[in-house]
Colleague: 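Structure below; questions to follow.
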Amino acid sequence: MTPNPHRIVIVGGGAGGIELATRLGRKLGKPGLATVTLVDAELTHVWKPLLHEVAAGSLDASREELNYMAQATWNGFEYEYGRMDGLDRANKRLRLAPQVDMDGVQLVPARVLPYDTLVLAVGSTGNDFGTPGVGEHAIYLDTREQAEALRRRLRDRFIAAHSRNDGVPVRVAVVGAGATGVELSAELRDAANLYSHYSGDAEKVALEITLLEAGTRVLPALPERIGHAVTARLREEFGVQVHTACPVRRVEAGSVYAGDDQRFAADIVVWAAGIRAPAFLRELDGLETNRADQLVVDATLATTRDPSVFAFGDCAACPLGDGRSGIVPARAQAAHQQASLLAANFVRRAEGKPMKPFIYVDHGSLVSLASHDAVGDLFGGRMVEGKLARVVYISLYRMHQVALFGWMKTGLLMLGGLLTRGTRPLLKLH
């Protein structure tokens, strides 16, 4: 171990944070060139783009989760269970809040972590744009806990509808027709069909899905032709009631009011209308933020007011690079690219070499339409759909697994999934 090794602290174990910690643990932690510590308030990691499948019950999160403590042991970094509670940049100290159990009993006291380099990868949260009633009556889909809560609520509604057998549908309103809203709408239709299959009577469970979008079309981040094609498929194949140019004004118990005070009845409301960085970044010891509370960073992903504090992923406003205007979009592929660059740059820095600038490469976007299909924009703007798009969509998750486990272990995970596929239901029923 190098005397007084450089201390790298990473806050946030999402898609980017866990990849960065793993890469740095292997390259710097194991050789003793630095200490690498990952801080997260959860004990396990689930890839965020999978949360709509967890919410619908088509994916069992307990089968896909990664334990932070185990990953740290395997890859040469340390894991600290805790939630960020403040920052002292002058003394390079990170404050962590005390952790309590479900009964309010303190498990871990408040404490301070010293650092030489701090990396913030705290992701994003749902943005309600100040809409009345959202916090009280809608569910976000930002965390595994929220996805599991939605799944349990749906399951209970399905059970009740099956028991009543009166033909009254379970009504779900999804607010926001971006990728999350579209993917969730399609996945919920599949979940209802599967529940009917396992219940033994397809007529006993009906699901009414309403997708509300403030903009003029679904999937506004993708080319218009893809948005139109997906809208047609949602309506014709999945039976989703799609309403565009219909901004939500307020949410009440059992109702969503949108447009010119149109009322949409809803047993469950899911808010997927936008994201923003966590609010605590807004006043984080003087670091520069934008209107979405993202930390403003330079081409190396260092914050503009402190070269020892870095940020990436959804919580960072990062320039596209290569002379282009605008900032990097909040996508999993961006966090993956940024984690790769930061890992390489920190190794270069340890070797006394200059760090390289980040240049975002847009590989296109894909949207899953339930378990059998996908559609998106790939290969230089070409629309792809069907089995090819689905294979590419799945490969994004596999690449995340490769970054965490390597090719051989990822292959074994895939093989194990295939071998056990017939031993479990296609829908989580408990």
Colleague: With side chains defined as the heavy atoms from C-beta onward, is the minimum distance between Tyr140 and Leu51 less than 4.5 Å?
Modeller: no
Colleague: To check you understand the geometry: which heavy-atom pair defines the closest contact between Ala21 and Phe77, and what is its length?
Modeller: O-CD2, 3.4 Å
Colleague: Are the side chains of Tyr115 and Thr37 in contact, using a 4.5 Å heavy-atom criterion?
Modeller: no
Colleague: Can you confirm whether more than 12 heavy atoms, excluding those of Lys356, are under 6.0 Å from its NZ atom?
Modeller: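 No, not enclosed.
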Colleague: Indicate the atoms forming the closest heavy-atom contact of Ala339 with Glu19, along with that distance.
Modeller: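 Closest approach of Ala339 to Glu19, heavy atoms only: CB-CB, 4.2 Å.
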Colleague: Can you confirm whether Ile226 sits close enough to Val367 that some side-chain heavy atom of one is under 4.5 Å from a side-chain heavy atom of the other?
Modeller: no
Colleague: For Ser124 versus Pro278, what's the shortest heavy-atom pair and its separation?
Modeller: CA-CD, 4.2 Å
Colleague: Are any of the side-chain heavy atoms of Asp40 and Tyr79 separated by less than 4.5 Å?
Modeller: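 The answer is yes, as the side chains (C-beta and beyond) meet within the 4.5 Å cut-off.
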Colleague: Is Gln241 close to Phe264 at the side-chain level, that is, under 4.5 Å between some pair of heavy atoms?
Modeller: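 No, too far: nothing below the 4.5 Å cut-off.
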Colleague: So for atom NZ, which belongs to Lys48, do other residues, nucleotides or ligands contribute more than 12 heavy atoms lying within a distance under 6.0 Å?
Modeller: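 Counting neighbours around NZ of Lys48, more than 12 heavy atoms of other residues, nucleotides or ligands fall under 6.0 Å, so yes.
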Colleague: Tell me whether Asp260 at atom CG has more than 12 heavy atoms from other residues, nucleotides or ligands lying less than 6.0 Å away.
Modeller: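 No, because the 6.0 Å sphere around CG of Asp260 holds 12 heavy atoms or fewer from other groups.
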Colleague: Taking Glu288 as the fixed residue, which of Leu295, Thr303, Val296 is the one that meets the side-chain contact (heavy atoms from CB on, under 4.5 Å) rule?
Modeller: Val296
Colleague: Does NZ or CZ of Arg250 lie under 6.0 Å from the centre of the six-membered ring of Tyr257, at an angle within 45° of the ring axis?
Modeller: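 Flagged: Arg250 positioned over aromatic ring of Tyr257.
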Colleague: Distance from Gln99 atom CD to Leu43 atom CG, nearest 0.5 Å?
Modeller: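 The distance works out to 9.0 Å.
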Colleague: More than 12 heavy atoms of other residues, nucleotides or ligands under 6.0 Å from CZ of Arg291: yes or no?
Modeller: no
Colleague: Please say whether more than 12 non-hydrogen atoms of neighbouring residues, nucleotides or ligands are located less than 6.0 Å from CD in Gln262.
Modeller: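 Count over threshold, so yes.
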Colleague: In the structure I gave you, are the side-chain heavy atoms of Arg324 and Ile359 within less than 4.5 Å of one another anywhere?
Modeller: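 Yes, at least one pair of side-chain atoms sits under 4.5 Å.
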Colleague: Are any of the side-chain nitrogens in Asp116 or Arg7 under 4.0 Å away from the carboxylate oxygens of its partner?
Modeller: yes
Colleague: If you measure from CD1 on Ile18 to NE2 on His45, what distance do you get to the nearest 0.5 Å?
Modeller: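 Separation between the atoms: 6.5 Å.
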Colleague: Can you establish whether the number of heavy atoms outside Arg83 located under 6.0 Å from its atom CZ is more than 12?
Modeller: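 No, the 6.0 Å shell around CZ holds no more than 12 heavy atoms from other groups.
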Colleague: Just by modelled atom types, is the Thr304 backbone N or O under 3.5 Å from a matching donor or acceptor in the Asp298 side chain?
Modeller: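 Checking the backbone N and O of Thr304 against the side chain of Asp298, no donor-acceptor pair under 3.5 Å is found.
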Colleague: For Leu211 and Gly176, which heavy atoms make the closest approach, and how far apart are they?
Modeller: CD1-O, 3.5 Å
Colleague: Do His336 and Leu396 come within less than 4.5 Å of each other through their side chains, counting heavy atoms only?
Modeller: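 No. Closest side-chain heavy atoms not under 4.5 Å.
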Colleague: With the side chain counted from C-beta on, respond yes when Tyr81 and Leu96 share a heavy-atom pair under 4.5 Å apart, and no when they do not.
Modeller: no
Colleague: Does Asp362 pair with Arg331 as a salt bridge, N-O distance under 4.0 Å?
Modeller: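 Looking at Asp362 and Arg331, the cut-off is met.
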Colleague: For Leu404 versus Arg26, what's the shortest heavy-atom pair and its separation?
Modeller: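 Reported closest heavy-atom pair: O-NH2, 2.7 Å.
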Colleague: Suppose we screen for ring pair (Phe, Tyr, Trp, His ring centres under 6.0 Å). Which residues come up paired with Phe310, at least two apart in sequence or across chains?
Modeller: Phe346
Colleague: Does Asp85 pair with Arg95 as a salt bridge, N-O distance under 4.0 Å?
Modeller: no
Colleague: Answer yes if the side chains of Thr117 and His6 hold a donor-acceptor pair under 3.5 Å, and no otherwise.
Modeller: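 Per modelled atom types, Thr117 and His6 side chains form a pair under 3.5 Å.
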Colleague: Specify the closest pair of heavy atoms between Ala273 and Phe129, including all atoms of both residues, with the distance to one decimal.
Modeller: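 Here Ala273 and Phe129 meet closest at O-CE1, 3.6 Å.
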Colleague: Could you give me the CA-CA distance, side-chain angles and deciding distance for Thr35 and Glu78, then say whether side-chain hydrogen bond (donor to acceptor under 3.5 Å, both in side chains) is met?
Modeller: CA-CA 8 Å; Thr35 61; Glu78 300 173 2; 5.8 Å; no
Colleague: So does Gln106 have more than 12 non-hydrogen atoms from other groups sitting under 6.0 Å from CD?
Modeller: yes
Colleague: Got a donor-acceptor contact below 3.5 angstrom from the Arg189 side chain to the Phe238 backbone?
Modeller: yes
